[in-house]
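Heads up: the structure comes next, in structure tokens.
The analysis underlying the following values was restricted to heavy atoms, covering all of them including side chains, and did not include hydrogens, waters or symmetry mates. Numbering of residues begins at 1 and proceeds along the displayed sequence. Keep in mind that what you see is a predicted model, and the values were worked out from it rather than measured.
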Amino acid sequence: MSLPRLHPRTIDAVKERADIVDVVGEHVVLKKKGREFVGICPFHDDTSPSMTVSPAKQFYYCFSCGAGGNAIKFLMELQRHSFSDVVLELARKYQLPVETLDGPQQERLRKQLSRQEQLHRVLGLASGWFRAQLRSPEGASALAYLKEQRGLSETTLEAFELGYAPERWDGLLNHLQQVEGFAPELLEAAGLVVPRKGQSGENGRGFYDRFRHRVMVPIRDRQGRVIGFGGRSLDGGEPKYLNSPETEVFEKGKHLFGLDRASAAIRKDDQAVVVEGYFDVIALHAAGITNAVASLGTALSSQQITQLCRCCDSRRLVLNFDTDGAGVRAAQRAIGEVEQLALQGQVELRVLQLPAGKDPDEFLKDHGAGEYRALLEQAPQWLDWQIEQALEGKDLAKAEQFQQAVQALVALLGKLPQSALRSHYLQKVAERLSGGQARVARQLEDDLRLQVKGQRWHGRAARWEQPGEIGQRERAEAELLRLYLHCGPYRGAIRRELRQRELDEFALQHHRLLWATLSEIEEDNLGAGRLEAVNRGTDPGTDLADLDLPQLLADRLLVEESALLNRLTPLLEPSELQLMGLAQPLLQLRGTTAALERQRSLKRCRHLLDAWRSQRLQTLEQCIAQLLQQEDQERGEPAAPEPPIAAALRPVGLDMESRIAAMFAELNGDALRFQELYYNERKHIGHLDQQRCAGLEEVLGQAS
């Protein structure tokens, strides 16, 4: 059926209400830049923020692909929906009245839109009924639990509208059906009642209350409407926490508990604290830490992260999950969702683990809000936390455990696309593994660097070279050596940059020989220990400027490598034009090293694409077939031997869709890993392009 024609008043109302930052921010992580916002354009293969969103003009524009328009145009292009579909979606989101130009169709449309309004009304009434039951004689034990065990005040109980579901099979059902007049099927659609198996639903006899003898916590959306509930068991029954099922108005991966109350504080503090449980959020808010939210029983999703990023300009997220095994796994899953944004600097991710294995609720009772805030400010970066997790419980004096720790750390550091950051952490990890022994730390750092290179693939194989790249690399390496020879005060900076970017092993043989000879000359004058300190950045290397390297190099090559001297004469005696090109040494250093690293990354991309193509992908149909085979085995029917993955795919409560996804990920693990590494490398190339462009802009600015 074709959609009705929308009344101009509806279109105008949607245009007026739909904020461009709000709409685009639901799909793109936006970062404030002056009066505007920037982000990764979703309409082309973007690797750096090229899309600008202007709140003042209510307009977006991508400077790379030219996409632009208002909020409606953005959703039309992104979702491939018609104009009417997008306007109706936005009208539904902002609860705007919909008017059409055709009477009968308008009525049908109103019925469709009123379905969600009915569900919101049912859930709101249910929340009020639960609150009333908490104050009834039946709710005395629940009220005592909240006040005495949880230590919650009347103000907090009212603020979060906590309630109680009585220990009856049909208390809520009878109230909503007989008093409010709602059909049980609508209550089922709202997730409040459950149909009895094999019985008719006539007169409500075929349904029973989902929540019984539980403290009830209403879950609200950003607009403050009740969309579901979390019920905490009072008698030790399982599950300890029972959540509403997903409904037309409640999708767990799209909402965060407490965000309706926390969004203003997140903006004010420019930081969001993400915890695990409802009562952790409630306790933090009661203690005055009102920028806290919780995920809804699932791993933190990309949509939830995007919502949080829209609330704080710094994009600073602090994960404060429990310290038990489940909490650590939840933190690891959350990091997995936001890892790429964190690696590219678009999100500042930190992880707070409270001492003595306490959750926020317990910690606040024993220590108070002041100590919690102090720990929150000192929360380590996510990478530092993951390094600690890799070393947790390991006896590094035992060879096997030492090797396990090294393997985990190499896998972790291999993800880092930025050489400078990778070098920083390589040095830090080597110091931890060495137990403070400086000489051992240097050896470990070199060994770890080689292992990380092996994991990332060094990118030097000629097989992945393209025509013209050898010449480009030769010119770039020659430019670096010319800088080093003729810009003495910058030699320490050049050495540090080459080490951080892992470019100190020149690709061309005559350049490697030249660099080795230069290093020998400098070691003779400064000592090997000091030169290595310069490479690491712990010594500024100011003495290097005192050496007349062109003359010293020419004297040594004349005796030892006269043939090489002739080839390197252009470096030792640059032309006037080449000397003019050395006017901005640091800018030229940044641009040249970024170009060399970019070339290496492009070769890695080709290697990873080829490796990905060589994988034989298992289809979803094959995964389903294997799972069906497992089901046959579980029923005792004869089947082929169980695959090794089977045990991992059968945790309690895991539905078939999740099992299929898990099996697909396991069977196609190598292909997915190559794919992830490829996209990481492409993002790193975008980062390098930014460096090169920034350098050019600075040069032009200084020239003008």
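Between Ala594 and Arg501, the closest heavy-atom pair is CA-NH1, 3.9 Å. Looking at every heavy atom in both residues, Ser54 comes nearest to Ile20 through O-CG2, 3.6 Å. Closest approach of Gly191 to Phe211, counting heavy atoms only: O-CE1, 4.1 Å. When all heavy atoms are compared, the tightest approach of Phe63 to Thr52 is CE1-OG1, 3.5 Å. Closest heavy-atom contact between Trp382 and Val351: CA-CG2, 4.1 Å. Taking all atoms of both residues into account, the shortest heavy-atom contact from Asn320 to Tyr372 is OD1-OH, 2.7 Å.
Other residues, nucleotides and ligands place no more than 12 heavy atoms under 6.0 Å from the NZ atom of Lys33. Residue Lys254 qualifies as open at atom NZ: its count of foreign heavy atoms under 6.0 Å is 12 or below. Applying the 6.0 Å contact sphere to CZ of Arg121 captures no more than 12 heavy atoms from other residues, nucleotides or ligands.
Taking the side chain to side chain contact (heavy atoms under 4.5 Å, CB included) definition, one finds that Tyr94 meets it with Arg17, Ala18, Asp22, Val23, Leu90, Leu96, sequence neighbours left out. A search for side chain to side chain donor-acceptor pair (under 3.5 Å) contacts involving Arg210 returns nothing, not counting sequence neighbours. Residues forming a ring pair (Phe, Tyr, Trp, His ring centres under 6.0 Å) with Phe74 (at least two apart in sequence, or on another chain): Phe43, Tyr60. Applying the side chain to side chain contact (heavy atoms under 4.5 Å, CB included) criterion to Ala190, with sequence neighbours excluded, gives Leu119, Val122, Leu123, Leu192.
In this structure, Glu276 contributes its side chain and Asp322 its backbone to a donor-acceptor pair below 3.5 Å. Remark: the backbone N or O of Glu246 is not paired with any side-chain donor or acceptor of Lys252 at under 3.5 angstrom. Although no hydrogens or angles enter the test, the distance criterion places a donor-acceptor pair under 3.5 Å between the side chain of Gln58 and the main chain of Pro55. At distances below 3.5 Å, not a single donor-acceptor pair connects side-chain atoms of Asp269 with backbone N or O atoms of Gln271. His285 places a side-chain N or O within 3.5 Å of a backbone atom of Ala292 that can act as its donor or acceptor partner. Using a distance-only test at 3.5 Å, with no hydrogens or angles considered, a donor-acceptor pair links the side chain of Arg261 to the main chain of Ala159.
Taking CD of Glu388 as the start and CG of Leu383 as the end, the distance is 11.0 Å to the nearest 0.5 Å. In this structure, Ile40 CD1 and Lys683 NZ are separated by 8.0 Å, a value rounded to the nearest 0.5 Å. The distance from the OG1 atom of Thr290 to the CG atom of Leu284 is 10.0 Å, given to the nearest 0.5 Å. We find the SG-CG distance between Cys312 and Asn291 to be 9.0 Å, quoted to the nearest 0.5 Å. Atom-to-atom distance recorded for Leu75:CG and Glu26:CD is 8.0 Å, nearest 0.5 angstrom.
Side chains of His27 and Pro42 form no contact here, defined as non-hydrogen atoms less than 4.5 Å apart. A 4.5 Å side-chain heavy-atom check between Gln133 and Leu172 finds every atom pair outside the cut-off. Looking at Leu308 and Leu256, their side chains come closer than 4.5 Å, going by heavy atoms from C-beta outward. Arg232 places a side-chain heavy atom less than 4.5 Å from the side chain of Lys240. Considering only heavy atoms from C-beta on, Leu259 stays 4.5 Å or farther from His255 through its side chain. For the pair Gln386 and Gln332, the minimum side-chain heavy-atom distance is below 4.5 Å. In this structure, the side chains of Phe37 and Val28 stay at 4.5 Å or more apart for every pair of heavy atoms. Tyr278 has its side chain within reach of Leu296: a pair of non-hydrogen atoms, C-beta onward, lies under 4.5 Å apart.
Judged as a salt bridge (charged side-chain N to carboxylate O under 4.0 Å, His left out), the pairs with a partner in residues 346-356 (not counting sequence neighbours) are, in order, Arg316-Glu348, Glu348-Arg350.
For the side chain to side chain contact (heavy atoms under 4.5 Å, CB included) with Leu162, the lone residue among Leu143, Thr156, Ile282 that qualifies is Ile282.
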From CA spacing to verdict: side chain to side chain contact (heavy atoms under 4.5 Å, CB included), Val24, Met51
CA-CA 10 Å; Val24 176; Met51 185 170 71; 3.8 Å; yes
Apply side chain to side chain contact (heavy atoms under 4.5 Å, CB included) to the pair Phe250 and Asp221, showing each step before the final yes or no.
CA-CA 9 Å; Phe250 180 42; Asp221 61 13; over 6 Å; no
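Aromatic ring centroids of Phe229 and Phe130 lie under 6.0 Å apart.
Using cut-offs of 30° and 60° on the angle between ring planes, the pair Tyr61 and Phe59 is parallel. Relative ring orientation between Tyr241 and Phe279 is described as tilted, the plane-to-plane angle lying within the 30° to 60° band.
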Let me have the donor-acceptor pairs involving side chains of residues 355-363, under 3.5 Å, with sequence neighbours excluded, atom names and distances please.
unit_1, atom_1, unit_2, atom_2, d
Lys358, NZ, Asp366, OD2, 2.8
Asp359, OD1, Asp361, N, 3.2
Asp359, OD1, Glu362, N, 2.8
Asp361, OD2, Arg150, NH1, 2.6
Glu362, OE1, Asp359, N, 3.2

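Checked for salt-bridge contact, Glu154 and Arg135 meet the test: a charged N lies under 4.0 Å from a carboxylate O.
Donor-acceptor pairing under 3.5 Å is lacking for the side chains of Glu117 and Gln95.
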